[in-house]
Amino acid sequence: MAELKYQTHHGMTDLLPDETRKWQALEQIIRREAAKFHFEEIRTPVLEPTELIVRGLGQLTDIVSKEIFAFQRGDTNYVLRPEMTAPVARSYVEHRLDQRGGTQKLYYIGPMFRAERPQKGRQRQFHQFGLEVIGSADPIADIEVISFMVHIYQTIGIRNTRLRINSVGDLQSREAYKKTLKAYLKPHLPSMSELSRTRFEKNPMRILDSKEPEDQPVIEQAPLIGDSLSESSREHFNMVKKLLDDLGIDFEEDPYLVRGMDYYTETAFELISPDLGAQDALAGGGRYDLLIEEIGGEPTPAVGFAAGMERLLIACDELGIELDPGKSLDLYIVTMGGSAREWAVPVLQQVRGMGLSATMDYQGRSLKAQMKDANRAAANYTLIVGDHELARNRFTFRDMGASEEESLSLDEILERMQKLIGEGRTQDKA
RNA sequence: GAGCCCGUAGCUCAGUCGGUUAGAGCGCCAGGUUGUGGCCCUGGAGGCCGUGGGUUCAAUCCCCAUCGGGCUCCCCA
C-alpha cells in the first residue's frame with residue numbers, strides 16, 4: 001500500500017471496533033471478578049516522575065536501564081509508566097491511603113509502555129491488569145493475590161497454565177544468599193557468559209536467570225536461595241505453599257525464579273502458558289515489602305501481580321475461546337423521505353430512554369441500503385416509516401430474525417419493545 | 001542491542017524466468033426486486049505493486065538504501 005502520511009509508532013496498535021468488543025468483554029470479567037474478591041479500582045496518570053520508576057524498580061533492571069520512554073520538559077523528568085506497582089505504591093504514599101484503614105486492596109487496568117523490540121506478545125504500548133494488596137504481611141494476602149490470578153484464567157477458560165513459585169526471602173535472607181552465591185560463583189566466572197560476569201557485581205541473583213548455555217552447568221550446581229532463607233522467610237513461604245495445597249491450586253516450586261524488578265521480597269510467582277510461544281509469561285508478581293519505604297512511605301508490606309492482556313487474548317485465540325459477544329442493536333429505524341427522517345429523531349430518543357439501543361441512517365439512502373445496514377448492525381428489529389405510514393399513523397415493525405413484520409402504531413411498537421426488556425431478549429451487553 | 005523473514009486493492013493472497021491496459025476471493029457501492037436485509041446473479045469504485053536511488057532500451061519483478069511489519073535471542077506482561 002502507498003506510504004501513509006501518519007501512522008502509529010512502532011510497537012503501538014489501534015484497537016478497532018471489531019477488536020474492542022473483545023477487550024470490553026475481558027475488562028468486564030476482570031471488574032466483576034475483582035469485585036467478588038472485594039478489590040477497588042485505582043487509576044493513576046500514565047506519566048510518572050522518572051525518579052519513582054528508577055528508584056522503585058531498580059536502576060540496574062532491564063526495564064529501567066533500556067526500556068523506559070522518558071522525556072524532559074522544563075526541569076521536570078517524565079516517564080511513561082512501564083508497570084503499575086510503583087505508581088500504585090506512590091499513590092498510596094501520596095494520598096495516605098493507610099488512613100483509609102485496614103489493608104488496601106486495589107486493582108487496575110490500563111496501558112503500560114516499554115521501549116522494546118516488538119514481537120508476538122510484546123508491544124511498546126501494551127495493557128496490564130493487576131492487583132496490589134498493601135498493608136499486610138500475612139501469607140493469606142499472597143494467597144488471595146495468587147488465587148485471584150489463577151481464578152481469572154480459569155474463569156475465562158485458559159486451563160493449561162503453569163504456576164511457578166519461589167521465595168527470594170527477606171532482606172536478611174537475600175544479603176546472606178548474595179554472599180554465599182558470590183563466593184560460589186567467583187571461581188567459575190572466567191568460564192561464564194559476559195552478561196553473567198557483568199551481573200556478578202551488580203545483581204548476582206539475576207545470573208540464575210541466565211539462559212546462556214555456558215552458564216548452565218554453573219547454575220545447576222549453584223547454592224539455592226531456599227537454603228539461605230531466614231526462619232521467618234521460610235515459615236512464610238511454607239505457609240503460602242500449604243495454603244495453595246489447601247486451595248487445590250497446582251504449582252511447581254522453581255528455585256531459579258527471580259523476577260525482573262528489584263523490589264521483590266519473599267514470595268515470587270509467575271503464570272506461564274504453553275500456548276504463547278516465546279513470550280510465555282501470562283502474569284507474574286510477588287511480595288514487595290521494601291518498596292513503599294524505599295519511595296518515602298512508612299515501612300509497609302505489600303504483594304501484587306500484573307497480567308498482560310494482549311497475551312491473555314492471544315491465549316484465547318490459540319484455544320478458540322471467543323470473548324467477543326458480537327455486534328448487537330435493538331432497533332434500526334428505516335426512513336423514506338424527509339418527513340419520515342424528521343419523525344424518527346425523537347422516536348430514537350424515546351427508544352433509547354427505555355434502555356434500548358437504536359439508530360437510523362444519516363445519509364438518506366435507499367430502503368434497501370438501510371435494510372442492509374440494519375442487517376450488518378445485527379439489528380433485532382427494524383421500524384420502517386415512509387409517507388404511507390405517517391399518513392395512517394401505523395408503522396411497519398419487522399422482526400429481523402424471524403423475517404416477519406406487522407403494521408402497528410408507535411405506542412404498540414414501544415409496548416412490544418418494553419416487553420422485550422422484561423423478557424431479556426435484548427442485547428444489553430453492558 | 002543482535003539475527004532471520006516479509007512488504008502487490010480495505011482484508012487474505014495470486015502474478016510477471018524484466019516487456020504493451022496488474023488479477024482473484026472476501027469486503028464496500030449500485031442494479032436485478034419503482035417501499036424491505038441475510039442467499040443468488042450482474043456491474044462499479046478502489047493499486048505511482050511501501051518509499052528513494054541504481055542497473056537496463058524497459059523495473060512491481062534484479063541490486064542498494066530507507067521506512068514499515070513479522071519472528072527469534074536477550075528480557076519481560
Side-chain angles (χ1 to χ4, degrees), chain A residues 1-13 16 18 57 60-67 82-85 109-130 149 193-196 198-199 206 209-213 215 257-261 270-273 276-285 304-315 329 332 334-337 340 361 363 365-389 395-405:
Chain A
M1 71 203 70
E3 194 179 2
L4 295 165
K5 201 162 186 177
Y6 304 109
Q7 52 190 308
T8 56
H9 278 117
H10 195 42
M12 304 191 175
T13 54
L16 306 178
D18 288 332
L57 309 206
L60 303 173
T61 58
D62 282 351
I63 292 179
V64 168
S65 63
K66 53 189 194 193
E67 296 169 7
E83 56 96 73
M84 270 301 266
T85 300
I109 300 176
M112 308 296 155
F113 306 83
R114 294 184 197 172
E116 299 184 275
R117 289 222 26 196
Q119 58 181 276
K120 186 179 183 185
R122 172 191 287 170
Q123 291 182 298
R124 291 186 159 191
Q125 174 172 344
F126 62 105
H127 302 263
Q128 290 186 333
F129 68 90
M149 177 178 83
S193 69
E194 198 186 320
L195 185 64
S196 291
T198 53
R199 280 173 172 172
R206 295 292 296 285
D209 227 13
S210 166
K211 275 149 196 148
E212 306 292 330
D215 295 342
L257 177 66
V258 177
R259 299 190 45 76
M261 271 70 81
E270 237 172 41
L271 193 71
I272 60 178
S273 162
L276 287 182
Q279 309 307 322
D280 65 352
L282 279 171
F305 87 91
M309 295 174 72
E310 281 82 359
R311 289 183 186 180
L312 190 159
L313 292 173
I314 289 171
L329 174 67
Y332 191 111
V334 174
T335 60
M336 307 194 62
D361 165 71
Q363 295 182 64
R365 308 163 79 195
S366 71
L367 187 159
K368 183 175 177 165
Q370 292 183 55
M371 289 303 290
K372 204 174 170 184
D373 203 30
N375 187 243
R376 186 168 26 220
N380 291 125
Y381 300 94
T382 47
L383 187 166
I384 302 168
V385 51
D387 292 340
H388 184 60
E389 285 80 358
F395 309 88
T396 307
F397 185 59
R398 181 178 179 84
D399 181 327
M400 296 294 278
S403 292
E404 287 164 2
E405 60 188 41

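Predicted model, so just to flag it, every value in this text is computed and none were measured.
At the heavy-atom level, Gly130(A) lies nowhere under 4.0 Å from the strands shown. Using a 4.0 Å heavy-atom criterion, one finds that Glu270(A) contacts no nucleic acid atom at all. Heavy atoms of Gly11(A) sit under 4.0 angstrom from primed sugar atoms or phosphate atoms, though from no base atom. Ala306(A) comes within 4.0 angstrom of sugar-phosphate atoms only, judged by non-hydrogen atoms across all strands, and of no base. Using a 4.0 Å heavy-atom criterion, one finds that Ser403(A) contacts the bases of the nucleic acid, with or without backbone contacts as well. Within 4.0 Å of Arg376(A), counting heavy atoms only, lie sugar-phosphate atoms of the nucleic acid but no base atom. Among the protein residues, Leu282(A) comes within range of the sugar-phosphate backbone only, with heavy atoms under 4.0 Å from sugar or phosphate atoms but none that close to a base.
Contact record, Gln128(A) with Ala306(A): OE1-CB, 3.7 Å, taken as the closest heavy-atom pair. In this structure, Gly11(A) and Pro118(A) approach most closely via the heavy-atom pair CA-CG, 3.6 Å.
Residue Gln370(A) contributes atom CD, which lies 13 Å from atom P of C29(B) at whole-angstrom precision. Rounding to whole angstrom units, NZ of residue Lys120(A) and P of C74(B) are separated by 17 Å. The distance from atom CD of Glu405(A) to atom P of G35(B) is 14 Å, rounded to the nearest whole Å. If you measure from atom CZ of Arg398(A) to atom P of G37(B), you get 8 Å, rounded to the nearest angstrom. Look at CD on Gln119(A): it is 12 Å from C1' on A77(B), rounded to the nearest Å. Atoms CD (Gln363(A)) and C1' (C29(B)) sit 11 Å apart, rounded to a whole Å. Across the protein-nucleic acid pair, Met371(A) atom CE and U33(B) atom C1' stand 13 Å apart, rounded to whole Å. Glu310(A) has its CD atom 14 Å from the P atom of A77(B), to the nearest Å.
Note on Arg311(A): every side-chain N or O is 4.0 Å or more away from OP1 and OP2 of C76(B). Between Arg124(A) and the phosphate of C76(B), there is no side-chain N or O to OP1/OP2 separation shorter than 4.0 Å. Phosphate contact (OP1/OP2 of U72(B), side-chain N/O of Arg122(A), threshold under 4.0 Å): absent.
Between Phe397(A) and Tyr381(A), the angle of the ring planes stays under 30°, which puts this pair in the parallel group of the 30/60° scheme.
Here, G44(B) and G27(B) have their C1' atoms 14 Å apart, quoted to the whole Å. The separation of C63(B) from G18(B), taken at their C1' atoms, amounts to 13 Å, rounded to a whole angstrom. A gap of 14 Å separates the P atoms of G46(B) and G23(B), to the nearest Å. Here the separation of A14(B) from U72(B), taken at their C1' atoms, is 29 Å to the nearest Å. C39(B) and U20(B) have their P atoms separated by 38 Å, given to the nearest Å. Spacing between C61(B) and G15(B) at atom C1', rounded to whole Å, works out to 10 Å. Taking the C1' atoms as reference points, A22(B) lies 26 Å from A65(B), given to the whole Å. Nucleotides G50(B) and A45(B) place their P atoms 23 Å apart, quoted to the nearest Å.
The shortest side-chain heavy-atom distance between Met371(A) and Leu367(A) falls under the 4.5 Å cut-off. Counting only heavy atoms from C-beta outward, the side chains of Asp361(A) and Tyr332(A) approach each other to under 4.5 Å. Contact check for Leu312(A) versus Phe129(A): side-chain heavy atoms found under the 4.5 Å cut-off. A 4.5 Å side-chain heavy-atom check between Met12(A) and Gln123(A) finds every atom pair outside the cut-off. Residues His127(A) and Ile109(A) fail the side-chain proximity criterion, which asks for heavy atoms closer than 4.5 Å. With a 4.5 Å cut-off on side-chain heavy atoms, Arg114(A) and Phe126(A) count as touching.
In terms of position on RNA chain B, the residue among Ala369(A) and Asn375(A) whose nearest nucleotide sits closer to the 5' end is Ala369(A). With the nearest nucleotide of RNA chain B identified for both Met336(A) and His9(A), Met336(A) has the one nearer the 5' end.
Taking only side-chain atoms of Lys368(A), from C-beta outward, the nucleotide of G31(B), U72(B), C75(B) with the closest atom is G31(B). Taking every side-chain heavy atom of Pro118(A) into account, G70(B) is the closest of G70(B), G35(B), C28(B). For Arg365(A), the listed nucleotide lying nearest its side chain is A30(B); candidates were A30(B), U36(B), C76(B). When the nucleotides G70(B), U36(B), A77(B) are ranked by their closest atom to the side chain of Arg117(A), G70(B) comes out on top. Candidate nucleotides G35(B), C75(B), C29(B) were compared by shortest atom distance to the side chain of Asp62(A), and C75(B) ranks first. Distance from the side chain of His10(A) is smallest to G69(B) among G70(B), G69(B), G35(B).
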Check your understanding: What dot-bracket string describes RNA chain B from 5' to 3', counting Watson-Crick and G-U wobble pairs whose defining distances are under 3.5 Å, with [ ] for crossing pairs and | for pairs to another strand?
Key -> (((((((..((((.....[...)))).(((((.......))))).....(((((..]....))))))))))))....

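Within the 3.5 Å criterion, the main-chain N or O of Met112(A) finds no donor-acceptor partner in the side chain of Glu83(A).
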